[in-house]
Structures are given as C-alpha cells and as structure tokens.
Peer 1: 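The structure is given below, and queries will be raised subsequently.
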2 protein chains.
Amino acid sequence: MSVTIKDVAKLANVAPSTVSRVIANSPRISERTKKRVREAMEYLGYHPNFNARSLANKNTQAIGLVMPSSADKAFQNPFFPEVIRGISTKAHEKNFAIYMSTGQTEQEIYDGVVAMIHGRRVDGILLLYSRVGDRIISLLQEKKFPFSVIGKPSKGAEQITHVDNDNFKAGMEATDYLIQLGHERIAFVGGSLDLVVTIDRMLGYKKALGDADILYRDDYIVQEEFLKEGGREAIMGLMSLQTPPTALIVTDDLMSFGIMGSIDEMGLSVPEDISIVSFNNLMLGEFAKPPLTSIDIDIFKLGYQAAGCLLDQIENSDQEAKRVIVPHKLIKRQTCQRL
Amino acid sequence: MSVTIKDVAKLANVAPSTVSRVIANSPRISERTKKRVREAMEYLGYHPNFNARSLANKNTQAIGLVMPSSADKAFQNPFFPEVIRGISTKAHEKNFAIYMSTGQTEQEIYDGVVAMIHGRRVDGILLLYSRVGDRIISLLQEKKFPFSVIGKPSKGAEQITHVDNDNFKAGMEATDYLIQLGHERIAFVGGSLDLVVTIDRMLGYKKALGDADILYRDDYIVQEEFLKEGGREAIMGLMSLQTPPTALIVTDDLMSFGIMGSIDEMGLSVPEDISIVSFNNLMLGEFAKPPLTSIDIDIFKLGYQAAGCLLDQIENSDQEAKRVIVPHKLIKRQTCQRL
DNA sequence: TTGTACGCGTTATCAC
DNA sequence: GTGATAACGCGTACAA
C-alpha cells in the first residue's frame, strides 16, 4: 500500500529499527547512515504512520478541544475562532495536532470526551469554557488525564491548571471607570450565571460599588440570555424602572450589540442616555455605532498560554497545577459619557 | 495498563476475536455470548483503542477540517463556528471525530494537510473555503484522497464534490431586489477576489444589471479587505464620486458592519442616503443599526451537507463527484429603501 | 458459532 | 553503531 519503514530500510540497506532511530534522530547512529536513510526516505516519499506510532509508544501528538454545547448560543461567539487561533499557534510550534469535540447536548459532549481519552486519540484535553458543576472536570481529575481549562474552574481551582483573566479585577475596573465618570446608577448585565466568568465579573462590580459607597440594587442585575429575545424585554424592564440606570456593564460585546439595538428601539441613545462598558473587545466592537468601550481580554493569548500549559503537563507528567493570568486592558471608545 | 480486548475475553471466557466480533456486532455470534461479552465490557469499563483499530483496518473514523490561514482576517468570521456546528452534527451522527488543521501561513496549512493524510490521521478532508489556485485541492486529487469542499472549486468543479449556494443567482437576486426598489446606481463591495464566492456573486450582480439595461461601471466595484482600514477609504471614495451609488451590495455581513460605520462617519445614513443588501445573515445582522437586509445562506446546512457528502465518499469510495446546492433566502430588514 | 494465528507499522529491549 | 525480536491492541482469514 503506502510506503513504510521497512521499504525505507530495504532501500537503504539497514534494519527497520535503524530507520526508526534515524527518525528519532538518535545520537548513536553514524552521520553516514543517517544521511543514507534520509535520502531513501526522501526518495520514496516516506511519512510515518501516526497510528502505528501511537500504538507503540502510547502517545498521539494531539490535544483535544472541548467546546460548549453547540446548541448553546455562546457557540456563535467569535471568541472561539480566536482562542483556537491561539491554541493552534502553540500546538503547531510543538508539532501537535488538534482534535475537536462538540455535541448538541451536555451528554454528547461528555461522551465525546470519554471516547477521546479511552480511545487514546489525544494526549491531553483543553476545556474552552468553564461552568459550574461541570462533570467533565471531575472525570478528567478522576482519570488523572492531563488537561487544562480556559477560565477559572468553579471548584478546586488550586489543583487545576488554568489560564484566565483576572475577571474580578476587570469587573472592578469597568465599574470604577463609570464611577469616575460620575455614574452611580450602574446596572450589570451578564450572561448565564453558570459561567464562572460572569460570576467573577459581577463580584468585581459589587466590590467596586461597595468601595465607592454606592448601594447595590438587586433590580440592577440582569441575566440576559445572550442575544435572545428575552434579553430585549429585560433591558426594557431595566430602563423603565422608577430610577433607571445611567450606565451598564455588559459581560460580552455580542450582548452589547443586542442591547444597543434594544435601547435604540426604545428611542434612547448611547452614550447620551446611557453609557456602556463591555467586555472581550471583539473586532466587531470597533465597528459598532457608536464604537464600543470594551475590556480587551487578549483572547489569542488565552488560547496560546492554555495550550502551552497543557503541553507542559503532557511532557512533564508530574507538574504542579499552575495558574496563568492574562492581563486585560480597558479600551476606551465612544459608549461612555461623563454624567 | 488499560483494559484491552484480551481482558474482556478472559473474563467472558471467550477468545479475543469473539470480543472483536461482538464489538462489530457480527451476526454470527449467538445472542447469549454477545450478552456475556457485553457484560464483561461493561464491568471492566472497556473502550476500544482507536489507534490499534486504525492500524488493523486502515480507517480512522475521523475527518479533517481545513480552515483558511489563521492570519487571514476571514478567520474571525462567525461563519466558521456555524459551519463547524453543521459539520460536527453530521459527524456525530455517523460516529466520526473531527480533526483540525490551521496555520499562520498557506505553507503551514499545506504541510498540515500532508501530515494528516500521510500520517493516516483522517479518512477524508473537508475544505471550509475555496480560493483560486489552491494547491491543496491539487494535492488531494493527485493522492486520490477523499475530500469535499464548501464553496465552488475554482477549477474542475465537475470532478469535485462540493456543496455551495447558488451564489450567482443570489447575486442576481440581491441586485434585482434593489432594482425593483428603483435603484440604478448600485455598487458592489466584495471581499478578496481570490474567493470564488466573491466572484460568483459579482457575476450575478453584473448579469442582473445587464438584464435591466443598467450600465455597468468599473468605479462601482470595490474590493474591500474585510473590515480593514483601507476599506473605509474605499467607501469614502465611492461616496464622493460625481454620481455616487444609491445602493450597495456587500458580500459579507461583517463587511457591512464596517461599511455602515464608515458611512456614519461621513454623516450619511442607511437607508435614507444609501441602501444595503448584505450576505450571510449572521445572527449579528439582526442587531445592527439598522438591522441588516441580508441573504441567508444557511451556513449550518452548508456544513451539515458537506460532511454528509464526505462521509458518503469515505464509505463508498467509487462515488461520483456530486454537487449540492443549499438554498438561500433574502431576509428583508431595514437597510433598503425605495428610491 | 467460535477459536487460532497472523498482520497492521512502529518503537523499545536486548543482543552483537 | 546496528540488527533481531517482541510488544502495542485490534481485525480477519482460515480452520474447527
């Protein structure tokens, strides 16, 4: 069928094992035979069979990516192409391939992960999201399978290698910025409260309010289902309170888009009637009307670093759990106004 | 180490080959032993090793996805999560896994594909884009490796299984719609002319103009580099012609976003000063201000069908090249006005 | 209906 | 330095 190590061995007049050593660039092979073998490989167009290799030495040179349920609205977020770009950049550097696992339901995804690790398809797994009570993390820990997560694990974060932004601090900064602009009636619009990132940012928001002696109000917290119809009503409810907020913290640029649409429909405008600080700084934000003030979380680096951590673990199995914080940065554009 | 077919065999008091047959659900095994073997598998928590299986029967139950260069701006388009969602839905149905290949440069991607097919990592390959003069297609054809492409191949489309929209027709429809609204000065703003989809839509545009006896003008064609700075100037150039267009056909919603920003900066507004028909109908378009009139190309189905075609080819190697057209649909929102 | 024996392409462990 | 040889875990003729 296709050219194997044996064919190369025959042509180069050596044993298959020698060819294998040349591939691994073993130092105990003379330069002369190395050269001869390499020429033979070149001539025959030899490429190693990864499956055979995996079988023999129990590693795959591949990592598995776990995305949220594709039925999940979050899936549509340009966040994912961008993390994947970061991940694959690092993976490429180390000659690792990328496996993907998605499914329509939590269960499907879970099963996919099981298949990945038992089927020996990957050497490690990268979780691209973090939500509370995730069974996959427990599974991975139980099996002692190398993994790391993007975002902060909801439980036992100290024992889990993860890379994250300091979302608590980011939430504080966003809020502080608005406070400094003179706002006091600041509402918080977050995505699913299952997502750890939402929780952290909200905690930062509350802290900043407290530090500034601003009363925290429950009715200023909105959990909007990402770009959904329900979201519109939630915003309208918010704006028709007796004392509506003068500013919004929104945990995702895509949500901000939806919200700005709703605000527009109500005949209000940003930032004159209401200011917005958003998160994630997607490329799109720059082209919104008006351009979004947003906290850049360096999505690319999130992916790049997470892949790096995972590969470190794979190379060096008894590595301690590590936590990497990727710096964020407030990008001021035109959705905030001094009160 | 981990539980193998032999362990199961021992526990169930059968030969390893019998276990193998049970896994394959061979009809020549009595229900009784099947049951016994399955119980043993369950009890031991057995999962087949994919690498061993691949080695033995020369298939991997995995397909490879090739995305454009991640340095490419197109990479950030929510188009990709959505096609992937379609692809992985179909892949899941047939129990196939998904392998990804990206790179910063064309060369890296090419090498990745070579590694995939020679390393026997996948049974087939799906190209998620189509640009002219792509070396990967030639490679795949030469190696007679199963593949299909999303979009229309630039050369020899008849011999290549692909799934696409009828972009020519879609281009015509977009143009006709504007013509019916009374527009005659219609410009065409496309992405890279390397992309076959851009070309097809432009051809449709020209045809529609011709059919309506409207003069085609070279200075009404803009090739904007997707959301880039240069794009802004291109639009400003367009709008400051002696006879500026009254309507725009834009080949991607993301571009439309950028363009609407530029138009806004110039103190003009959509649709009062200029109408826009866009393409792809990303979820975001609904939340633009004003909401985008856009041609929905059913990205999910594009992916779902393409995966289906590929899997058909893999199952049935001597299958003829097939072409699948996914229907599109004009979604009227608020970026077009009667003249 | 089930078991035996071999091959898939590599790597690793001995020998020499 | 290099060559046999035995795994790795599974599928499949062939035999029984």
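Each chain gets a letter, A, B and so on, in the order its sequence line appears, and its residues count up from 1.
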Peer 1: Could you tell me, to 10°, how much the axis swings from one end of the helix from C/dT1-D/dA16 to C/dC16-D/dG1 to the other, five pairs per end?
Peer 2: 40°
Peer 1: Atom CG of A/Asn49 and atom C1' of C/dC8: how far apart are they, to the nearest Å?
Peer 2: 8 Å
Peer 1: Partners of B/Glu106 by side-chain hydrogen bond (donor to acceptor under 3.5 Å, both in side chains), sequence neighbours excluded?
Peer 2: none
Peer 1: Give me the residues of residues 7-33 of chain B where at least one heavy atom lies under 4.0 Å from an atom of DNA chain C, by number, or none.
Peer 2: B/Asn13, B/Val14, B/Ala15, B/Ser17, B/Thr18, B/Arg21, B/Arg28, B/Ile29, B/Ser30, B/Thr33
Peer 1: Who are the salt bridge (Lys or Arg N to Asp or Glu O under 4.0 Å) partners of B/Glu108, not counting sequence neighbours?
Peer 2: none
Peer 1: Let me check something: any side-chain donor-acceptor pairs from residues 123-136 of chain A under 3.5 Å, sequence neighbours excluded? List them with distances.
Peer 2:
residue, atom, partner, partner atom, Å
A/Asp123, OD1, A/Thr60, N, 2.8
A/Asp123, OD1, A/Thr60, OG1, 2.8
A/Asp123, OD2, A/Thr60, N, 3.1
A/Asp123, OD2, A/Thr60, OG1, 3.3
A/Asp123, OD2, A/Gln61, N, 2.9
A/Tyr129, OH, A/Asp134, OD2, 3.3
A/Ser130, OG, A/Lys152, O, 2.7
A/Asp134, OD1, A/Ile136, N, 2.9
A/Arg135, NH1, A/Gln107, OE1, 3.2

Peer 1: Please tabulate, for the side chains in residues 19-27 of chain A, all donor-acceptor contacts under 3.5 angstrom to protein atoms that are two or more places apart in sequence or on a different chain.
Peer 2:
residue, atom, partner, partner atom, Å
A/Asn25, OD1, A/Lys34, NZ, 2.9
A/Asn25, OD1, A/Arg38, NH2, 3.4
A/Ser26, OG, A/Arg28, N, 3.2

Peer 1: Can you tell me how far P of C/dG3 sits from NZ of B/Lys6, to the nearest Å?
Peer 2: 15 Å
Peer 1: Would you tell me if any nitrogen or oxygen in the side chain of A/Lys58 comes within less than 4.0 Å of OP1 or OP2 on D/dG9?
Peer 2: yes
Peer 1: Just say parallel, tilted or perpendicular for the rings of B/His118 and A/His47, cut-offs at 30° and 60°.
Peer 2: parallel
Peer 1: Could you tell me which residues satisfy side-chain hydrogen bond (donor to acceptor under 3.5 Å, both in side chains) with A/Asp7, sequence neighbours excluded, listed by chain and number?
Peer 2: none
Peer 1: Check salt bridge (Lys or Arg N to Asp or Glu O under 4.0 Å) between B/Lys10 and all other residues, then give those that pass, not counting sequence neighbours.
Peer 2: none
Peer 1: Quick one: side-chain hydrogen bond (donor to acceptor under 3.5 Å, both in side chains) partners of A/Arg36, sequence neighbours excluded?
Peer 2: none
